[in-house]
Amino acid sequence: MSIRTTFAAGMLGASLCMTAIPSAHAETLKIVTGSVSSALNVPMNRAVVVEADQPFAQVSIANPGIADISSLSDRSIYVLGKAPGRTTLTLLAPDGTLITNVDVQVSLDIAEFKERLQQILPGEQIEVRTANDGIVLSGVVSSSMKLDRALDLANRYAPDRVSNLMMVGGVQQVMLKVRIAEMQRSVRKQMQNGVAAALSTSNLTGGFALGSAGLATGAPSPVTGLAPLNPGVIPNGENNGQIILGFSAGAFEFDVLLEALESKGLVRTLAEPNLTALSGQEAKFLAGGEIPIPVRGDENSITVEFKPFGVELAFTPRVVDGDVINLALNTAVSALDPTVSITADGIDLVGFKRREAETTIEMRDGESFAIAGLLQDDFQDLNSQVPWIGDVPVLGALFRSADFRRDQSELVIIVTPHLVSPTRGEALALPTDRVRPPSEAELFLFGKTASNGKSRGAIGEVAKQDYTGSYGYVME
């Protein structure tokens with residue numbers, strides 16, 4: 001091989017080596033972000049057309065599942081929203097340089113929902129926004145009923161994807177005034193008749209008595225010494241209205257007993273519990289007490305349970321629309337009833353008399369409802385006589401007895417709700433503010449057990465009111 005050929009081969013190898021090894025001063029990769037324009041909002045399942053300021057050669061979308069695109073010309077793009085979310089639209093110039101990046105926000109179409117919301121609830125300040133694939137409601141509504149309507153409508157457009165940030169304005173506290181009145185009237189009339197006769201000699205003594213109720217154990221007749229006829233059930237065991245007529249002829253004595261009785265009774269029961277609760281919250285009230293009731297447990301052991309009695313009230317108010325109030329109410333008046341008491345295994349068990357009403361009603365602020373009214377009328381009429389003799393005209397009236405009894409009971413429950421708001425504490429008065437302990441001079445010199453207290457300021461003015469005045473809350 002000649003020197004020339006060897007030199008040419010060496011130059012060729014050197015050039016190949018320089019081509020294979022990159023230069024240490026070569027440029028690194030450059031990331032071009034480009035300017036981002038304002039976000040493009042596209043409703044889901046709807047399309048918008050976007051126009052560019054300069055012609056572009058290529059357009060692309062980062063996530064085709066969120067939005068779909070197609071170019072209409074070198075300056076306009078057709079964008080279709082497919083699913084809620086956010087993606088990026090990129091435009092490239094003919095020379096390959098980046099023109100801009102556009103944020104594409106695809107959200108639910110709430111334009112129709114806003115129109116329907118305004119039609120159904122006009123005047124309500126409700127703000128509607130979208131969050132990913134859901135709807136967010138905020139603002140202040142006038143009642144809980146309108147809040148429920150707005151949520152129900154929103155669930156039609158985004159089922160189970162509605163966030164409620166709304167608040168209910170207005171007064172949301174309800175004071176319930178309950179008046180429970182019961183009247184019990186009883187009337188009883190009795191007419192008892194009887195005849196008693198006796199014959200007395202030195203060797204023979206005898207007598208007889210005739211009457212519808214037989215002989216009694218009362219005081220003996222002042223004429224015959226025989227016991228008077230039974231007048232029946234008479235209050236306090238007294239024989240009221242008795243007339244005894246008699247005469248004697250030698251050893252023969254004759255008595256006629258006439259007894260008339262008329263009794264009347266009246267019982268009044270009145271309870272007026274008042275209770276305040278927040279809309280949608282349950283409130284309970286009990287003015288009375290608890291009585292222990294023995295209960296047989298396991299292995300014949302005796303345990304004690306306490307049963308409440310007195311005036312009971314439980315209610316749940318709901319302010320549904322402005323001043324319209326929905327009430328779920330349960331009220332009762334109970335008392336011990338010794339007439340139905342029994343004794344079991346040496347343990348005295350007492351009975352209860354209870355009047356109860358449970359219902360759900362709806363009314364406006366300040367209106368009243370009679371939720372319960374019961375009139376019970378018991379009538380008894382008894383006519384007793386001595387057989388055959390009592391049927392004799394005129395004279396038979398002496399051998400007849402009549403008993404008339406009528407019991408009436410009337411119960412009425414009236415409820416009145418009020419929307420209330422708290423008042424200032426210094427304007428409140430207690431029943432104890434009107435009375436203070438007496439001084440030694442008032443107690444020993446004048447015999448006073450209490451002295452009227454005099455308060456100053458607003459509480460003094462309130463203390464001058466009657467005990468039945470309003471207190472605690474201000475009624476709208």
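Predicted model, so just to flag it, every value in this text is computed and none were measured. The basis for the numbers below is simple: all heavy atoms, side chains too, and nothing from hydrogens, waters or symmetry mates.
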task = Test Lys307 against Glu290 for salt bridge (charged side-chain N to carboxylate O under 4.0 Å, His left out), laying out the working first.
result = CA-CA 5 Å; Lys307 181 178 179 62; Glu290 292 184 342; over 6 Å; no

task = Walk me through it: do Val162 and Leu151 pass the test side chain to side chain contact (heavy atoms under 4.5 Å, CB included)?
result = CA-CA 7 Å; Val162 179; Leu151 293 178; 4.1 Å; yes

query = Can you list the steps and then say if Thr316 with Asn326 is a side chain to side chain contact (heavy atoms under 4.5 Å, CB included)?
reply = CA-CA 8 Å; Thr316 302; Asn326 180 283; over 6 Å; no

request  = Just do the side chain to side chain contact (heavy atoms under 4.5 Å, CB included) check on Leu108 and Tyr157 with the steps written out, would you?
outcome  = CA-CA 9 Å; Leu108 295 177; Tyr157 290 86; over 6 Å; no

request  = Take Val128 and Leu117 through the test side chain to side chain contact (heavy atoms under 4.5 Å, CB included) and record every step on the way to the result.
outcome  = CA-CA 10 Å; Val128 182; Leu117 191 64; 3.8 Å; yes

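Remark: the backbone N or O of Asn63 is paired with a side-chain donor or acceptor of Thr87 at under 3.5 angstrom. Checked by atom type and distance alone, the side chain of Glu442 pairs as donor or acceptor with a backbone atom of Ser439 at under 3.5 Å. Checking side-chain atoms of Asp68 against main-chain N and O of Pro64 turns up no donor-acceptor pair under 3.5 Å. Remark: the backbone N or O of Arg364 is paired with a side-chain donor or acceptor of Glu367 at under 3.5 angstrom. A donor-acceptor contact shorter than 3.5 Å is absent between the side chain of Thr130 and the backbone of Ser107.
Nearest approach of Arg354 to Ala332, heavy atoms of both residues: NH2-CB, 3.5 Å. Across every non-hydrogen atom of Ile371 and Leu329, the tightest pair is CD1-CD2, 3.3 Å. Shortest non-hydrogen contact noted between Lys353 and Asp337 is N-CB, 3.9 Å. Residues Ala283 and Thr276 come closest through the heavy atom pair CB-O, 4.2 Å. Taking each heavy atom of Gly81 and Val42 in turn, the nearest pair found is N-CG1, 3.5 Å. Shown here for Ile66 and Arg86, the closest heavy-atom pair between the two residues is CD1-O, 3.6 Å.
Side chains of Ile126 and Val141 form a contact here, defined as non-hydrogen atoms less than 4.5 Å apart. The side-chain heavy atoms of Lys177 and Ile414, taken from C-beta on, include no pair separated by under 4.5 Å. Two residues are said to be in side-chain contact when any heavy atoms from C-beta on lie closer than 4.5 Å; Ile413 and Val178 meet this criterion. Taking the side chain as every heavy atom from C-beta outward, Val174 and Val319 approach each other to under 4.5 Å. For the pair Leu327/Pro417, a side-chain contact is recorded, criterion being any heavy-atom separation below 4.5 Å from C-beta on. Counting heavy atoms from C-beta on, the side chains of Leu40 and Asp103 never come closer than 4.5 Å. Residues Leu443 and Lys448 are not in side-chain contact: their nearest non-hydrogen atoms beyond the backbone lie 4.5 Å or more apart. Side chains of Ile135 and Ile110 form a contact here, defined as non-hydrogen atoms less than 4.5 Å apart.
Salt-bridge annotation for Arg355 and Glu182: present, with a side-chain N of the basic residue lying under 4.0 Å from a carboxylate O of the acidic one. Comment: Asp407 engages Arg405 in a salt bridge, judged by a side-chain N to carboxylate O separation of less than 4.0 angstrom. Between Asp109 and Arg46 a salt bridge is recorded (basic side-chain N to carboxylate O distance below 4.0 Å). A salt bridge is absent between Glu112 and Arg156; no separation between the charged side-chain nitrogens and carboxylate oxygens falls under 4.0 Å.
Residues meeting the salt bridge (Lys or Arg N to Asp or Glu O under 4.0 Å) test with Glu305, sequence neighbours left out: none. Qualifying side-chain hydrogen bond (donor to acceptor under 3.5 Å, both in side chains) partners for Thr360, counting only residues two or more places apart in sequence or in other chains: none.
One distance of note links CG of Asp365 with CE of Met175; it measures 9.5 Å at 0.5 Å rounding. With values rounded to the nearest 0.5 angstrom, Leu121 atom CG is found 7.0 Å from Arg149 atom CZ. If you take CG on Leu286 and CG on Leu275, they are separated by 11.5 Å, rounding to the nearest 0.5 Å. Here Leu153 contributes atom CG and Gln119 contributes atom CD; the two are 10.0 Å apart, rounded to the nearest 0.5 Å. Distance check: Ile180 CD1 to Glu356 CD gives 10.5 Å after rounding to the nearest 0.5 Å. Between Arg188 atom CZ and Arg406 atom CZ the span is 16.0 Å, to the nearest 0.5 Å.
Within 6.0 Å of CD in Glu410 there are more than 12 heavy atoms belonging to other residues, nucleotides or ligands.
Residues in residues 329-383 take part in these ring pair (Phe, Tyr, Trp, His ring centres under 6.0 Å) pairs, two or more places apart or across chains: Phe379-Phe404.
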